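Only one structure is covered here, and it is reproduced in the block below.
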Amino acid sequence: LVVVGPMAPVYGEGATFSRHKADRGTYLGGLRLGSRVPLVSETEGAWEVRVPVRGKGGSLAFATGFIEKDASIHTGYLPYTRRNVIAVSFSMQGERYGWGGMWGYWDCSAFVRDVFSAFGFVLPRNSTSQSKVGVVLGEFDADTPVSEKYAVLDTAPPGMSILRLPGHVMIYLGTYDDAYYVIHDIWAYRTRDALGRKYLVGIGRVAVSELTLGKGGARGSLIERITHVVLMTTPENRADDDSGRHPMNIFSQNIAWIPY
């Protein structure tokens, strides 16, 4: 089973679920977006899974858990389509920002990593390394005209393309009314007020924005700062059990388990 939304609650042994009644019992913890757990069995209203827990003396142990069927769960990886990537990304909209995973939240690169994990990608943790995965459609320096960057974006498939700039990474959404949009986990951006004074605008969550965000600020707009446009190709680095390539199990860095 693969988690395809922000969080899937897991309940302990003794929990029962049906179409008419739910007795959740003990809350074991939550599985984050992109996590993958082995399926044991299926009941009318829940999936029975195995999850890692802390055993005696801090050793690794496993427990039986139950996930309700109305949770954001998919049997196997989601089909890799633009629509599905954008839908998973939007399910995260509003989730709070946590630098380096602080407070159990996501930062920009963790957001991108976990969204693509739902499709079987095993991406690196930081934005610079993520920009080296897939097919580079465009690579820019500080002197590249914005018009050239927009021309590359016009060839980039929405949802399947990521945009990297120093210290940040975003998922490209495409255009609407001639504006170019991304979804990203962003802490803040710099801009100027009507008097030309610089100031910081805090966002601190997953949000949709235009690439002109930050225009006039000390660092410039997002589009001015972009260094890479990268197409995430069909995942040849899928972590399928029978693939024989890049094996991944529940100890992988892609699996995020938050026990109660």
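Computed from a predicted model, the values in this text were never measured in an experiment. Just the heavy atoms: all of them, side chains too, but no hydrogens, waters or symmetry mates, feed the values below. Sequential numbering from 1 along the given sequence is applied to the chain's residues.
Two residues are said to be in side-chain contact when any heavy atoms from C-beta on lie closer than 4.5 Å; Leu153 and Leu211 meet this criterion. At least one side-chain heavy atom of Val133 sits under 4.5 Å from a side-chain heavy atom of Pro124. Counting heavy atoms from C-beta outward, Ser72 and Ser91 have side chains that stay 4.5 Å or more apart. Within the 4.5 Å cutoff, side-chain heavy atoms of Gln93 are placed close to those of Val208. In this structure the side chain of Leu28 reaches within 4.5 angstrom of the side chain of Val51, judged on heavy atoms. Under the 4.5 Å side-chain criterion, counting only non-hydrogen atoms from C-beta, Val122 is not in contact with Arg113. A heavy-atom distance below 4.5 Å is not found between the side chains of Tyr77 and Val4. Within the 4.5 Å cutoff, the side chain of Leu163 has no heavy atoms near those of the Val169 side chain.
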Inset, instruction - Could you walk me through whether Leu222 and Thr212 pass side-chain contact (heavy atoms from CB on, under 4.5 Å), step by step? - result: CA-CA 6 Å; Leu222 296 175; Thr212 53; over 6 Å; no
Inset, instruction - Would you please test Thr64 and Arg50 for side-chain contact (heavy atoms from CB on, under 4.5 Å) and show each step? - result: CA-CA 5 Å; Thr64 298; Arg50 297 286 285 172; 3.0 Å; yes
Inset, instruction - Quick one: do Ile86 and Leu173 satisfy side-chain contact (heavy atoms from CB on, under 4.5 Å)? Show the steps, please. - result: CA-CA 7 Å; Ile86 292 173; Leu173 293 178; 4.0 Å; yes
Inset, instruction - For side-chain hydrogen bond (donor to acceptor under 3.5 Å, both in side chains), just list the numbers for Tyr180 and Asp154, CA-CA rounded to whole Å, side-chain angles, deciding distance to a tenth of an Å, and then say yes or no. - result: CA-CA 9 Å; Tyr180 292 72; Asp154 287 337; 2.7 Å; yes
Inset, instruction - Show your reasoning for whether side-chain contact (heavy atoms from CB on, under 4.5 Å) applies to Val53 and Phe62. - result: CA-CA 5 Å; Val53 296; Phe62 292 88; 5.8 Å; no
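In this structure, the side chain of Asp114 does not engage the main chain of Ser117 through any donor-acceptor pair within 3.5 Å. Glu224 places a side-chain N or O within 3.5 Å of a backbone atom of Ser221 that can act as its donor or acceptor partner. Listed for the His184 side chain is no donor-acceptor partner under 3.5 Å among the backbone atoms of Ile186. In this structure a side-chain-to-backbone donor-acceptor pair under 3.5 Å is missing from Lys69 to Trp47.
Proximity of the aromatic rings of Tyr80 and Phe119 is defined here by a centroid distance below 6.0 angstrom, and this criterion is met. Centroid-to-centroid, the aromatic rings of Tyr172 and Tyr181 stay 6.0 Å apart or farther.
The structure places CD of Glu210 at 10.5 Å from NZ of Lys215, a figure rounded to the nearest 0.5 Å. To the nearest 0.5 angstrom, Ile67 atom CD1 is 4.0 Å from Ile73 atom CD1. Atom CZ in Arg83 sits 13.5 Å away from atom CG in Leu78 (nearest 0.5 Å). From Tyr11, atom OH reaches atom CZ of Phe66 across 13.0 Å, with rounding to the nearest 0.5 Å. Here CG of Leu165 is found 8.0 Å from SG of Cys108. Values are rounded to the nearest 0.5 Å. Between Met92 atom CE and Ile171 atom CD1 the span is 9.5 Å, to the nearest 0.5 Å.
Phe116 and Leu137 fall within the same hydrophobic cluster, defined by Ile, Leu, Val, Met, Phe, Trp and Tyr side-chain heavy atoms under 4.5 Å apart, directly or through other members. Under the 4.5 Å side-chain contact rule for hydrophobic residues, Phe111 and Trp99 do not share a cluster. There is no path of hydrophobic side-chain contacts, each under 4.5 Å, that joins Met102 to Met7. With hydrophobic clusters built from ILVMFWY side chains whose heavy atoms lie under 4.5 angstrom apart, Tyr97 does not share a cluster with Leu33.
The cationic group of Arg205 does not satisfy the cation-pi geometry with Trp106, failing either the under 6.0 Å distance to the six-membered ring centre or the 45° limit from the ring axis.
Salt-bridge annotation for Arg96 and Asp107: absent, with no side-chain N of the basic residue lying under 4.0 Å from a carboxylate O of the acidic one.
For the residue pair Pro158 and Arg82, the shortest heavy atom distance occurs at O-CG, 3.3 Å.
No side-chain N or O of Ser127 forms a donor-acceptor pair with one of Gln130 less than 3.5 Å apart.
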